[in-house]
Amino acid sequence: MNLVEPIRDKELIQEIKDNLKKRNKRNYILFLLGINTGIAIADLLKLRVRDVEGWHIIYKRQKTLYKNRPTQRIKMQSPIKKEIRAYIKGKPRDEYLFKSRIGKNKPITRAMAYLILRQAAEEVGLEAIGTHSMRKTWGYFYYKEHNDVADLQEQMGHADPSYTLRYIGIAQEEKDKRRNKVVL
């Protein structure tokens, strides 16, 4: 497990959103979808305009436990849908949602997504961040809200609940809390 962490502070999340929104709508939408859907970065980068036209984001997972890769459907919350609707207005249906400036209709690379997030994180003083931080952030807050590891595990496509808890940083957070209570 790498040291990339979820973003646990909602004020920092808002700061990142505000900074990205001012500078680059594409990068803002990438972050917005990443932290509000839990979709893996490989799957986010493959999304096209047609995949987000309705209320559901429709895609096939790149990495999955299932051999036939079932289609995934994730309903967007109203504020997210409003932002998406404005962002895709006038764009061709087959255009990548996170289109690169290089090439005719290519998505940004995973490396570019990483650079976008690193720069945004540095501006608010975050260090342990990467492309998985968006998914981990969504998982962290989902777990905190519902406290249902089995549901979260299934939604994230993980094989084991203990992996899910480690992935979203809950296992380490719990260890830290318990250790803080033992002072000799």
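Only this structure's heavy atoms are used, side chains among them; waters, hydrogens and symmetry mates stay out.
We find that R118 and E123 are not joined by a salt bridge, their nearest charged nitrogen and carboxylate oxygen being 4.0 Å or further apart.
Follow the hydrophobic side-chain contacts under 4.5 Å out from V49 and you reach M76 in the same cluster. Transitive grouping of hydrophobic side chains (ILVMFWY, heavy atoms separated by less than 4.5 Å) keeps Y96 and L32 in distinct clusters.
E173 has its side chain within reach of R8: a pair of non-hydrogen atoms, C-beta onward, lies under 4.5 Å apart. Using a 4.5 Å heavy-atom threshold, the side chains of Y59 and I57 count as touching. Between H56 and I74, every side-chain heavy-atom pair lies at or beyond the 4.5 Å cut-off. Contact of the L33 side chain with the I84 side chain is registered, since non-hydrogen atoms from C-beta on lie closer than 4.5 Å. Contact check for R166 versus Q172: no side-chain heavy atoms found under the 4.5 Å cut-off. When side chains are defined from C-beta on, I35 does not count as touching I16, because their heavy atoms never get closer than 4.5 Å. The side-chain heavy atoms of D160 and T164, taken from C-beta on, include no pair separated by under 4.5 Å. You'll find the side chain of N105 reaches within 4.5 Å of the side chain of R48, heavy atoms only.
Annotation: cation-pi pair K136/Y140 absent, no NZ/CZ under 6.0 Å from the ring centroid and within 45° of its normal.
Taking all atoms of both residues into account, the shortest heavy-atom contact from V4 to I129 is CG1-C, 4.0 Å. Of all heavy-atom pairs spanning M134 and I41, the tightest one is CE-CD1, 3.8 Å.
In this view, Y142 and W138, H146 satisfy the ring pair (Phe, Tyr, Trp, His ring centres under 6.0 Å) rule, not counting sequence neighbours.
The residue from D148, D151, L152 that alone fulfils the side chain to side chain contact (heavy atoms under 4.5 Å, CB included) condition with Y143 is L152.
Among residue pairs with one or both ends in residues 24-35, those qualifying as side-chain hydrogen bond (donor to acceptor under 3.5 Å, both in side chains) are K25-E83, Y28-E83; sequence neighbours excluded.
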Would you mind writing out the side-chain donor-acceptor pairs for residues 108-117 within the sub-3.5 Å range, not counting sequence neighbours?
{"from": "T109", "atom 1": "OG1", "to": "A111", "atom 2": "N", "distance (Å)": "3.4"}
{"from": "T109", "atom 1": "OG1", "to": "M112", "atom 2": "N", "distance (Å)": "3.0"}
{"from": "R110", "atom 1": "NH2", "to": "H132", "atom 2": "NE2", "distance (Å)": "3.2"}

